[in-house]
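As the structure lists them, so they are numbered: ligands from 1, and atoms in each ligand from 1.
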Amino acid sequence: MIIVGLTGGIGSGKTTVANMFHKLGVPIYLADLKAKKLMNSSKIIKRKLILLFGKEAYKDGKLNKPFLADKIYNNEELLLKMNAIVHPKVRFHFKNWLKKQSYSYIIKEAAILFENDSYREYDYIITVTASDEDKIQRVIQRDNSSSEKVKAIMNNQWSDEDKVKLSHFVINNINLDKTENQVKIIHQKILKLV
Ligand code: ATP
């Protein structure tokens with residue numbers, strides 16, 4: 001089974017691109033979405049996050065996303081500690097998910113892949129790029145976030161330039177139709193590699 005990593009900066013369009021591959025029949029694993037789900041459903045993660053951030057980490061039993069986002073966006077140490085709690089669980093879940101897949105390749109989408117060295121676990125890597133201005137505008141529109149917060153998160157991530165150097169495929173996500181064409185071309189190329 002070929003494992004393809006799909007990454008890119010915040011707001012670059014990773015999930016949008018992942019869904020385009022899904023439309024072509026490729027199984028996709030959305031690691032960041034799974035992490036958020038596990039933060040709500042796993043009792044162990046809940047307990048550890050409350051120890052790390054305090055009771056406010058959850059509101060009415062649900063993950064208090066704005067509170068957590070506020071805590072971690074400019075605090076790398078807290079972000080690393082949170083990842084150390086959540087990521088092992090996601091990896092475990094992914095391994096089990098992978099066993100159930102029968103297609104010739106799968107795509108795992110994750111925002112952090114080069115930054116934590118996990119890129120070595122993939123057979124091929126696709127990086128989605130976009131201009132900083134586009135990324136910021138998209139996230140502000142999607143999450144009602146502020147330009148400062150998006151920029152702070154971008155500062156914790158590798159630049160597109162550095163990611164591209166270590167990638168096998170690059171999708172410059174400007175226009176959705178053109179992005180979909182790039183997805184189809186890369187899909188055919190990967191099928192020839194498997
Ligand atoms: P994050 O890192 O925050 O999870 P992401 O890289 O997964 O983000 P998406 O959620 O796919 O990015 O896209 C961010 C927003 O921008 C979404 O609302 C999406 O619909 C929109 N978007 C993605 N690509 C384009 C595009 N080419 N043109 C316009 N809007 C786009």
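- Looking at Lys14 against ligand 1, both its backbone and its side chain come within 4.0 Å, counting heavy atoms.
- Residue contacts with ligand 1 for Gln141 are absent, since no atom lies close enough (heavy atoms, distance under 4.0 Å).
- Contacts between Ser12 and ligand 1 below 4.0 angstrom, taking non-hydrogen atoms only, involve backbone and side chain alike.
- Atoms of ligand 1 found under 4.0 Å from any heavy atom of Gly11 (numbered from 1 in listed order, with element): 1 (P), 2 (O), 3 (O), 5 (P), 6 (O), 8 (O), 12 (O).
- Judged as a salt bridge (Lys or Arg N to Asp or Glu O under 4.0 Å), the pairs with a partner in residues 166-192 (not counting sequence neighbours) are, in order, Lys23-Glu180.
- Classification of Lys135 and Asp160 as a salt-bridged pair holds, one side-chain N sitting under 4.0 Å from a carboxylate O.
- Side-chain atoms of Thr7 come within 3.5 Å of backbone atoms of Ala111 as a donor-acceptor pair (strictly under, hydrogens ignored).
- Put simply, part of Leu176 is less than 4.0 Å from ligand 1, judged by heavy atoms.
- Some N or O of Ile174 is nearer than 3.5 Å to an N or O of ligand 1, by distance alone.
- Remark: ligand 1 and Thr15 share an N or O pair separated by less than 3.5 Å (distance only, no angle test).
- Formation of a donor-acceptor pair under 3.5 Å by the Asn40 side chain with backbone atoms of Leu63 is found in this model.
- When side chains are defined from C-beta on, Tyr124 counts as touching Leu193, because their heavy atoms get closer than 4.5 Å.
- Looking only at heavy atoms of the protein, atom 24 (N) of ligand 1 is closest to Asn173 ND2, 2.9 Å.
- Interface of Gly13 with ligand 1, defined as ligand atoms under 4.0 Å from a residue heavy atom, comprises 5 (P), 6 (O), 9 (P), 11 (O), 12 (O), 13 (O).
- We find that Glu133 and Arg138 are not joined by a salt bridge, their nearest charged nitrogen and carboxylate oxygen being 4.0 Å or further apart.
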Take His168 and Tyr122 through the test side-chain hydrogen bond (donor to acceptor under 3.5 Å, both in side chains) and record every step on the way to the result.
CA-CA 11 Å; His168 303 88; Tyr122 298 88; over 6 Å; no
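- Heavy-atom neighbours of Ile44 CD1 from other residues, nucleotides or ligands within 6.0 Å: at or below the threshold of 12.
- Considering only non-hydrogen atoms, atom 4 (O) of ligand 1 lies nearest to Arg142 out of Arg142, Gln137, Arg138, Glu109.
- Residue Ala111 has no nitrogen or oxygen atom sitting less than 3.5 Å from a nitrogen or oxygen atom of ligand 1, judged on distance alone.
- At least one heavy atom of Gly9 sits less than 4.0 Å from an atom of ligand 1.
- Scanning the protein heavy atoms around atom 11 (O) of ligand 1, the nearest turns out to be Thr16 OG1, 2.5 Å.
- No salt bridge links Asp32 with Lys14; every basic N to acidic carboxylate O contact stays at or beyond 4.0 Å.
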